[in-house]
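For the single chain, residues carry numbers from 1 onward in sequence order.
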Amino acid sequence: MNAHEYALQANGSFALPDACFKVKALMADDSAEISDFADVIGIDPSMTSRLLQIANSAIYSFPGEISTISRAITIIGTQAIYNMMLVDVAASAFKHFENQAIDLKRFWRMSVYCGLASKNLAISAGKRDIERLFIAGLLQNFGELLVAKINPEVAQRCEQYGKDQLPWQLQELALGFTYTDVSADLLKIWQLPEKIILPIRHFNAAASIEINQDVKILNLASRLALIDSHSSEFSYDDVIDESLCQSLGLSAEDLSQAAEFAESEATSILSIMNPKLFSK
């Protein structure tokens with residue numbers, strides 16, 4: 001199987017909800033009103049509740065409490081609401097995915113950490129529309145869930161990475177592609193914006209890393225996430241490319257700040273996404 005075939009195997013556990021497509025269609029409709037968005041989302045009370053939790057979390061850091069979807073749309077806009085729905089897709093996968101092939105707690109910790117670190121690095125690099133980089137960071141390794149579900153033996157082999165064989169190098173050897181290739185193809189099927197898919201598709205490929213700043217930011221954030229989850233195995237010098245920091249105008253202090261932010265906020269975000277597994 002190639003990366004696209006894995007992506008096509010995504011079942012109901014990973015399918016983008018109809019509400020996401022409806023919200024996306026409304027975003028393209030100039031005549032759509034806030035009430036139209038609220039009506040689509042409000043059909044699912046559990047989704048509404050989770051979106052409000054996310055809206056009031058450190059992902060967005062908005063002043064004051066956001067208590068309704070209509071208010072959230074008024075304050076933060078339809079794009080942010082759509083992004084939150086994508087976060088909710090990831091959260092929903094917790095409820096359906098059961099597999100011993102990979103360490104799920106490690107997987108989700110790294111995913112959320114990467115999203116938070118990407119957002120913080122984007123701020124330091126002076127980027128706009130930083131929430132898209134949180135989404136890219138969160139979903140960049142989603143392909144790992146699909147491979148673990150469809151081919152658990154291969155996923156178990158890919159878990160045996162280390163300094164001598166980094167995760168993406170081992171995936172390339174075992175599969176002929178990386179988990180992020182599967183993620184990019186899955187998100188393409190989901191019709192996500194190309195500006196989210198592009199950095200996911202390229203950030204692990206040395207030949208493509210100069211494409212744009214988003215690719216570089218996601219590369220650095222993913223390496224910080226690797227260090228966070230495997231601090232005894234990996235260090236800054238092992239996986240961080242200093243030339244990327246320099247090209248983005250980022251200092252060692254910026255990376256340290258991004259790591260501290262992600263570490264401090266990851267637990268609260270994970271507790272929203274899966275209270276049973278991550279609540280204190």
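- Checked by atom type, the side-chain pair Ser31/Asp29 shows a donor-acceptor distance below 3.5 Å.
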key: Test side chain to side chain contact (heavy atoms under 4.5 Å, CB included) applied to Ile102 and Arg106, step by step   = CA-CA 8 Å; Ile102 61 172; Arg106 182 273 309 157; 4.2 Å; yes

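- By the 4.5 Å heavy-atom criterion applied to side chains, Arg157 and Leu170 are not counted as neighbours.
- The backbone N or O of Ser251 sits less than 3.5 Å from a side-chain atom of Asp254, completing a donor-acceptor pair.
- Enclosure of atom CD in Glu194 by more than 12 non-hydrogen atoms of other residues, nucleotides or ligands within 6.0 angstrom is indicated.
- With rounding to the nearest 0.5 Å, the separation of CD in Gln169 from CG in Asp164 is 9.5 Å.
- Residues Glu144 and Met110 have side chains not in contact (no heavy-atom distance under 4.5 Å, counting atoms from C-beta outward).
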request  = Would you please test Tyr6 and Asn151 for side chain to side chain contact (heavy atoms under 4.5 Å, CB included) and show each step?
outcome  = CA-CA 10 Å; Tyr6 270 100; Asn151 201 337; 3.3 Å; yes

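- Within the 4.5 Å cutoff, no side-chain heavy atoms of Tyr161 are placed close to those of Leu166.
- Connection of Ile269 to Ile76 is established within a shared hydrophobic cluster, with ILVMFWY side chains joined at heavy-atom distances below 4.5 Å, either directly or through further cluster members.
- Heavy-atom contacts from other residues, nucleotides or ligands closer than 6.0 Å to NZ of Lys188 number 12 or fewer.
- Both Leu218 and Tyr236 belong to a single network of hydrophobic side chains, linked directly or stepwise wherever heavy atoms of I, L, V, M, F, W or Y lie under 4.5 Å apart.
- Across Gly64 and Asn56, no two heavy atoms sit closer than the pair O-OD1, 4.0 Å.
- Scanning all heavy atoms of the two residues, the minimum distance from Ala32 to Phe37 falls at CB-CE1, 4.0 Å.
- The closest donor-acceptor contact from the side chain of Thr74 to the backbone of Ser70 lies under 3.5 Å.
- For the pair Lys105 and Leu270, the minimum side-chain heavy-atom distance is 4.5 Å or more.
- Ser247 pairs in a side chain to side chain donor-acceptor pair (under 3.5 Å) with only one of the listed residues (Glu242, Glu210, Lys216), which is Lys216.
- Other residues, nucleotides and ligands contribute more than 12 heavy atoms inside 6.0 Å of the NE2 atom of His230.
- Proximity of Trp108 to Leu145: side-chain heavy atoms (C-beta onward) are separated by under 4.5 Å at one or more points.
- Closest heavy-atom contact between Arg132 and Asp214: NH2-OD2, 2.7 Å.
- Using bins of under 30°, 30° to 60° and over 60° for the plane-to-plane angle, the ring pair Phe107/Phe142 lands in the tilted bin.
- Under the side-chain hydrogen bond (donor to acceptor under 3.5 Å, both in side chains) criterion, Ser232 pairs with no residue at all, not counting sequence neighbours.
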ask   = Do Ser111 and Leu139 pass the side chain to side chain contact (heavy atoms under 4.5 Å, CB included) test, and can you show the C-alpha distance, the side-chain angles, and the key distance before you say yes or no?
value = CA-CA 7 Å; Ser111 296; Leu139 300 181; over 6 Å; no

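- Not a single donor-acceptor pair under 3.5 Å links the side chain of Glu265 to the backbone N or O of Ala262.
- Smallest separation of non-hydrogen atoms from Leu226 and Pro167: CD1-CG, 3.9 Å.
- Residues Leu220 and Cys245 share a closest heavy-atom pair of CD2-SG, 3.9 Å.
- When atom types are taken as modelled, the side chain of Asn120 and the backbone of Ala117 share no donor-acceptor pair closer than 3.5 angstrom.
- In the model, Thr180 has a side-chain atom that pairs as donor or acceptor with a side-chain atom of Thr178 under 3.5 Å.
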request  = Given side chain to side chain contact (heavy atoms under 4.5 Å, CB included), test Trp168 with Tyr179 step by step and report yes or no.
outcome  = CA-CA 8 Å; Trp168 45 94; Tyr179 289 152; over 6 Å; no

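- Between Met1 and Ile150 there is a side-chain heavy-atom pair separated by less than 4.5 Å.
- Scanning all heavy atoms of the two residues, the minimum distance from Gln165 to Leu173 falls at NE2-CD1, 2.9 Å.
- By the rule that hydrophobic residues join a cluster once side-chain heavy atoms approach within less than 4.5 Å of another member, Tyr82 and Leu198 end up as members of one cluster.
- With respect to the salt-bridge test (charged N to carboxylate O, under 4.0 angstrom), the residues Arg71 and Glu65 do not qualify.
- Counting heavy atoms from C-beta outward, Leu248 and Gln213 have side chains that approach closer than 4.5 Å.
- One N or O on the side chain of Ser57 and one on the backbone of Ile54 form a donor-acceptor pair closer than 3.5 Å.
- Side-chain contact between Tyr113 and Leu224 is present, with at least one heavy-atom pair separated by less than 4.5 Å.
- Using a 4.5 Å cut-off between side-chain heavy atoms of Ile, Leu, Val, Met, Phe, Trp and Tyr, with links allowed through other members, Ile34 and Met27 fall into the same hydrophobic cluster.
- Taking the charged nitrogens against the carboxylate oxygens, Asp238 and Arg223 have no contact shorter than 4.0 Å, which rules out a salt bridge.
- Side chain of Ser264 to backbone of Glu260: a donor-acceptor contact under 3.5 angstrom is found.
- Tracing side-chain contacts under 4.5 Å through hydrophobic residues (I, L, V, M, F, W, Y), one reaches Ile211 starting from Ile209; they form part of the same cluster.
- In this structure, Glu233 contributes its side chain and Lys163 its backbone to a donor-acceptor pair below 3.5 Å.
- At least one donor-acceptor pair under 3.5 Å links the side chain of Thr48 to the backbone N or O of Asp44.
- Note that CD1 of Ile196 is 13.0 Å distant from OG of Ser183, once rounded to the nearest 0.5 Å.
- A donor-acceptor pair under 3.5 Å is formed between the side chain of Ser222 and the backbone N or O of Asn219.
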